[in-house]
Each structure stands twice: as structure tokens, then as C-alpha cells.
S.K.: 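Right, I'll just put the structure down here and ask away after.
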Protein chains: 2
Amino acid sequence: MSHTSGVRQAQKQQTRQALLDAGLRLLEHQNLSSLGLRELTRAVGVSPAAFYRHFPDMADLGVALVGESLGSLHAVIRAVMAETTDSGDIIDRTVAVTERYVAEHRPHIRFIARERYGGVRAVREAIAAELHRFADEVAVGLATQPASAGWSPGDLRVLAELYVDHMVMTAAAFLEAEPDDDAARRRITHAARLRMRIISIGRAHWLDEQG
Amino acid sequence: MSHTSGVRQAQKQQTRQALLDAGLRLLEHQNLSSLGLRELTRAVGVSPAAFYRHFPDMADLGVALVGESLGSLHAVIRAVMAETTDSGDIIDRTVAVTERYVAEHRPHIRFIARERYGGVRAVREAIAAELHRFADEVAVGLATQPASAGWSPGDLRVLAELYVDHMVMTAAAFLEAEPDDDAARRRITHAARLRMRIISIGRAHWLDEQG
DNA sequence: TCATTCAGTAAACAACCGTTCGCCGACTTT
DNA sequence: AAAGTCGGCGAACGGTTGTTTACTGAATGA
């Protein structure tokens, strides 16, 4: 029988986390496909062979980083979607939440942007799967709104994906600006709000134009 | 005095192009930051030292690839913008042109998507500069349209960037689908058109909502 | 208490890396 | 025809890479 906790497991988790942390730090300036195993273990302060006690290869560490980066975002998204204020207020909230999440998880989000179309298939697919789940959640949230009356499920799904893609786009914009460049951050916030308003207005008048 | 043409220059250009071609091929399955110099010269069939006759380092080859990938797109974009049909027809044209360009320059576009937020700063900046120019051109095109009356230059610029980002988004979607998966291609085309229509409708009603 | 498990180690492996050097030979200029 | 230019080559440089091996010693379970 294996215990779920214990000194053994805790210590193992600790170096595993150290590998993830050091990896994330090193990946701020390079791609996963060029991150060396020895380079990583050297940064952590363990022997190269120790790596294999935790991950079969680098791609696997990358997949773990995807989970760590986007796992906590699901709750955030559902929380924002739950506020069915339905007015323009939710737009400001969405943009503000995005800005805050990027600020607090900058290396994680950088990693996601960098590897979304990167050279490691397993990581690309893991990211795509997470974004797919995001779109699912947004689609569910949209479906409950009165403004979605008359929309086909397929078109609603497209709209949900547009919102998710827009969130990624906005996050990437915040990434490109220096963290302390307030002017740039305000410019990005303004642009993001404007884009979301345009999309929302288009959504509201979509059915009229169809007639 | 240096001749612009001649056997010498032509032969040099030839191996330079061979380096770019082989690089693009190798970069279909990895990132620029992990592409080895020897790996590249081996694929071309020249000695490692020959590389330095054409590029100071790999980042420089990457920048050259950016130019090769996006250079010919400016003319395409301006051509599409010039068709001021102003109706929903231009949307179908835009999506069709995007699909065609991706199909005909698949490795180039993959390279752009992969390195847009990649680990090589010089390449990231080169791509950002090109996309900035695209937005400039779209903004100029939009300004001439009657539908842009009453729009501030700043907001018009945001709209232009939204269109460019949307084009990139659509191109990436075509990339992710297999080239011969007609069903997927049709799905992506449908979604892209729907998104563009939503944005266009939002644009048309933007000024009403402001009052 | 004693046997077992297992995360981490040190060492060795062959293979590969980017870069520099002097040299060659075909093209180009005078 | 002679002198100069220069793209490409082969060889060598020190250093790094991922992976396997047998091992140690502390946490574990009986």
C-alpha cells in the first residue's frame, strides 16, 4: 500500500517543483525545444540523472508546466462568466482580470504564448486542449445569457472561441509591454475594451442583420 | 566598384537561398533557438564554416526568413483593401485570400506563428514590426471607407489591429488543420467569416451606442 | 529491529556543438 | 595575362549534450 503523504513523497514533490520552477525561469529567454536537461538540473542543483526520477523527458515537463500555468484560470473564467451583469461592466472586469492574471503569472503566460505554436507537439496539444476547455466554459456561460436567444449552438461556440482568442491576444499584448510601463498598460487596456465592445455590439445586432 | 550581378554573386545567392530553404524545412518540426548550425549546413550539403559567409548567426537567418515570409503579403493586403466593395463580399474575399496564402506558404506561416513569441528577440521584433506595418496599411484602407466617418484615428487604429490579429488567428487555425482535411478547412472558413461579420456589424453600430 | 524501497549521486559513454584557422581555386578586376 | 577578391573547405579547438550504470543512504513497512 502506498501512502499519499510522508516525508518521502514531500521531498520528491519538492525537487519536482524545483525543476518546474527553474524550468519556467529558464524558459523566459528560450524555447522548450532548446532547454537542455543538464542546463536545467544544473540550475536546480541536482544531478542530471535525477531528472528522470520525475519526468521521462523534457516534453513531459512542458506538459506539466501547461497544467500549472492554465489550471487555475478555469476557476477565474467561470467566476467572471457567473457575474451576469450583462452590461459593459463585465467587459471592464474581464480586461482587468486578464491584466491582473498576466501580471501575477507573467512567466507562466509567457511560456504558454511561446509554446502554443512551438516545436514540441505534446505541449502544443496540451495547450490546445486547455484553450478548448476554456471555450467550452465560455460557451456554457454565454448560453445562459438572454442575449444569446436565437443563436445556434455552433455559432455560439464560434463566439465563445472568439472571446477566448481575444483574451489570449490581450494577454500577449500585456506580455509584450514592460511590466512597469503604465502608459503602455493603459493603452492595451483601452484597446482591449474597445475590441470587446465592438464584438459585443456585433453580437447584439447579429440577428437583426440576418433577416 | 561592385557589380550587382555576375557569376560570383549569383552563386552566393544560390547557397544563401539554399540555407534559407533548408532552414525553413527544418523549422517545421522545431524552434529557431534549437536549430543547430551544423544541422543546417549538413542539410544543405556545405561545410559549417560556409554559413558565416552569409549570416553572422542563426538569429540573422531568422530575420531574413521573416522578410521572406511576410514581404509578399503587403501587396496582397493592399490589393484586398483596395476592393472597397464595402459589403460582406470583401469578408469572403479576405478569408479566401488568407486560406490561399497559408496553403501556398505553409512553412513560412508556420515559422511566423512559431517565432512570433519565440525565444529569439531579434526575430520577435522583426515579426512585430511587419505586423505593425500591416496594421498601418489596413488603417489607411479603413480611413478611406465611408463607414469610418466619425471614428477617431486612435480607435480606427485599434480596429485595424483587430483585423490584423484576426487574420493571424485565422491563419493559425488553418495551420493546425491538416492541409487535405476539407471538412476542417470549411469549418475554419465558416468561423472566420462569422467572426468578421460580427466585428463589421459592431463597427457599423459603434457610433450609435456612443451617444 | 531488520529488510526493503527509492530519490539522488558520481562517473563514464559516444556523439555533437559553435567557432576559428589557413588554404584552395574559381571568378573578377586591372 | 597578372594580381586580387572571396565563397567554400577540411581540420582542429575546447566544451557541451542526453543517457546509462552501479552505488549510497535515508525514509519506510513488517
Side-chain angles (χ1 to χ4, degrees), chain A residues 1-23 25-27 29-65 115 118-123, chain B residues 1-23 25-27 29-65 115 118-123:
Chain A
M1 189 63 75
S2 63
H3 271 342
T4 52
S5 77
V7 182
R8 219 36 170 316
Q9 303 260 357
Q11 283 174 342
K12 179 167 184 178
Q13 280 305 111
Q14 196 172 321
T15 70
R16 185 190 135 100
Q17 193 57 48
L19 284 168
L20 290 171
D21 292 348
R25 189 171 56 82
L26 291 169
L27 287 171
H29 300 289
Q30 63 184 311
N31 273 107
L32 182 63
S33 61
S34 69
L35 174 59
L37 183 148
R38 295 184 102 103
E39 179 186 9
L40 175 61
T41 56
R42 199 184 310 127
V44 173
V46 283
S47 76
F51 176 86
Y52 296 103
R53 301 291 184 194
H54 304 274
F55 307 99
D57 52 31
M58 268 303 170
D60 218 72
L61 179 136
V63 171
L65 276 178
E115 300 301 330
V120 184
R121 164 181 283 261
V123 173
Chain B
M1 186 65 76
S2 63
H3 272 343
T4 54
S5 77
V7 181
R8 217 38 171 312
Q9 303 258 358
Q11 284 174 342
K12 179 168 184 178
Q13 280 305 111
Q14 195 171 323
T15 70
R16 186 190 135 101
Q17 192 57 47
L19 285 168
L20 290 171
D21 293 348
R25 189 170 56 81
L26 292 169
L27 287 171
H29 299 290
Q30 62 184 314
N31 273 106
L32 182 64
S33 61
S34 69
L35 173 60
L37 183 147
R38 294 183 102 105
E39 179 186 8
L40 175 61
T41 56
R42 198 184 311 128
V44 173
V46 286
S47 77
F51 176 86
Y52 296 101
R53 301 291 186 193
H54 302 275
F55 306 99
D57 52 31
M58 267 304 170
D60 218 74
L61 178 135
V63 172
L65 276 179
E115 301 301 329
V120 183
R121 164 180 283 261
V123 173

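Small disclaimer: the values here were computed from a predicted structure and weren't measured. Throughout, protein chains are lettered first and strands after them, A, B, ... in sequence-line order, and every chain is numbered starting at 1.
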S.K.: Check nucleotides 23-27 of chain C against the protein and report each pair of N or O atoms closer than 3.5 Å, with its distance, or say if there are none.
M.R.:
unit_1: C:dC27; atom_1: O3'; unit_2: B:R8; atom_2: N; d: 3.4
unit_1: C:dC27; atom_1: O2; unit_2: B:R8; atom_2: NH1; d: 3.2

S.K.: Going by side chain to side chain donor-acceptor pair (under 3.5 Å), name the residues that satisfy it together with B:Q17, two or more places apart in sequence or in a different chain.
M.R.: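 Side chain to side chain donor-acceptor pair (under 3.5 Å) list for B:Q17, sorted by chain: B:D21, B:E68.
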
S.K.: Calculate the interatomic distance between B:F55 atom CZ and D:dG7 atom P; express it in whole Å.
M.R.: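 Distance, rounded to whole Å: 13 Å.
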
S.K.: Give a yes or no on whether the backbone of A:G118 and the side-chain of B:N31 come within a donor-acceptor separation of less than 3.5 Å.
M.R.: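 No: the side chain of B:N31 does not pair with the backbone of A:G118.
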
S.K.: Just jot down the side chain to side chain contact (heavy atoms under 4.5 Å, CB included) partners of A:A43, sequence neighbours excluded, or say none.
M.R.: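 With sequence neighbours excluded, A:A43 shows a side chain to side chain contact (heavy atoms under 4.5 Å, CB included) to A:A22, A:R25, A:L26, given in chain and number order.
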
S.K.: For DNA chain D, produce a single dot-bracket line, 5' to 3'. Pairs: Watson-Crick or G-U wobble, both distances under 3.5 Å. Symbols: ( ) within strand, [ ] crossing, | other strand, . unpaired.
M.R.: ||||||||||||.||||.||||||||||||

S.K.: Taking only residues two or more places apart in sequence, or in another chain, which ones meet B:A18 in a side chain to side chain contact (heavy atoms under 4.5 Å, CB included)?
M.R.: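 For B:A18 the side chain to side chain contact (heavy atoms under 4.5 Å, CB included) partners, ignoring immediate neighbours, are B:V44.
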
S.K.: At what distance, to the nearest 0.5 angstrom, does CG of B:L27 lie from CG of B:L35?
M.R.: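 So the CG of B:L27 and the CG of B:L35 are separated by 5.0 Å.
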
S.K.: So, for A:L32 and A:V120, which heavy atoms are closest and what is the spacing to 0.1 Å?
M.R.: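 Heavy-atom minimum between the residues: CD2-CG2, 3.9 Å.
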
S.K.: Sequence neighbours left out, what passes side chain to side chain contact (heavy atoms under 4.5 Å, CB included) with A:A49? Give chain and number order.
M.R.: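 With sequence neighbours excluded, A:A49 shows a side chain to side chain contact (heavy atoms under 4.5 Å, CB included) to A:S47, given in chain and number order.
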
S.K.: OP1 or OP2 of C:dG8 less than 4.0 angstrom from a side-chain nitrogen or oxygen of A:T15, does that happen here?
M.R.: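 For A:T15, the contact criterion (side-chain N or O under 4.0 Å from OP1 or OP2 of C:dG8) is met.
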
S.K.: Taking CZ from B:F51 and P from D:dC9, how many angstroms apart are they, rounded to a whole number?
M.R.: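 It works out to 14 Å between those atoms.
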
S.K.: Apply side chain to side chain contact (heavy atoms under 4.5 Å, CB included) to B:R53 and list each qualifying residue two or more places apart in sequence or on a separate chain.
M.R.: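 Side chain to side chain contact (heavy atoms under 4.5 Å, CB included) check on B:R53 returns nothing, list empty.
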
S.K.: Quickly work out the B:L40 CG to C:dG18 P distance and round it to whole Å.
M.R.: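 Those two atoms, CG and P, are 10 Å apart.
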
S.K.: Please list every donor-acceptor pair under 3.5 Å in which a side-chain atom of residues 56-64 of chain A meets a protein atom from a residue at least two apart or in another chain.
M.R.:
unit_1: A:D57; atom_1: OD1; unit_2: A:A59; atom_2: N; d: 3.4
unit_1: A:D57; atom_1: OD1; unit_2: A:D60; atom_2: N; d: 3.1

S.K.: Specify the separation, in whole Å, of atom CZ of B:R16 and atom P of D:dC6.
M.R.: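 Atom-to-atom, B:R16 to D:dC6, this comes out as 17 Å.
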
S.K.: Tabulate protein N/O versus nucleotide N/O from nucleotides 17-21 of chain D, keeping only pairs under 3.5 Å, one per line.
M.R.:
unit_1: D:dT17; atom_1: OP1; unit_2: A:R42; atom_2: NH2; d: 3.3
unit_1: D:dT17; atom_1: OP2; unit_2: A:R42; atom_2: NH2; d: 2.6
unit_1: D:dG18; atom_1: OP1; unit_2: A:L37; atom_2: N; d: 2.4
unit_1: D:dG18; atom_1: OP2; unit_2: A:L37; atom_2: N; d: 3.2
unit_1: D:dG18; atom_1: OP2; unit_2: A:R38; atom_2: N; d: 2.9
unit_1: D:dG18; atom_1: N7; unit_2: A:R38; atom_2: NH1; d: 2.5
unit_1: D:dG18; atom_1: O6; unit_2: A:R38; atom_2: NH1; d: 2.8
unit_1: D:dT19; atom_1: OP2; unit_2: A:Y52; atom_2: OH; d: 2.4
unit_1: D:dT19; atom_1: O5'; unit_2: A:Y52; atom_2: OH; d: 3.0
unit_1: D:dT19; atom_1: O4; unit_2: A:R38; atom_2: NH1; d: 3.3

S.K.: Suppose the criterion is side-chain hydrogen bond (donor to acceptor under 3.5 Å, both in side chains): which pairs have a residue in residues 34-46 of chain B, not counting sequence neighbours?
M.R.: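 Checked against side-chain hydrogen bond (donor to acceptor under 3.5 Å, both in side chains) - neighbours excluded - the pairs reaching residues 34-46 of chain B are A:S33-B:S34, B:Q30-B:S34, B:Q30-B:E39.
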
S.K.: Does anything in residues 33-58 of chain B form a ring pair (Phe, Tyr, Trp, His ring centres under 6.0 Å)? List the pairs, not counting sequence neighbours.
M.R.: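 For residues 33-58 of chain B, and leaving out neighbouring residues, the ring pair (Phe, Tyr, Trp, His ring centres under 6.0 Å) pairs sorted by first residue read B:F51-B:F55.
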
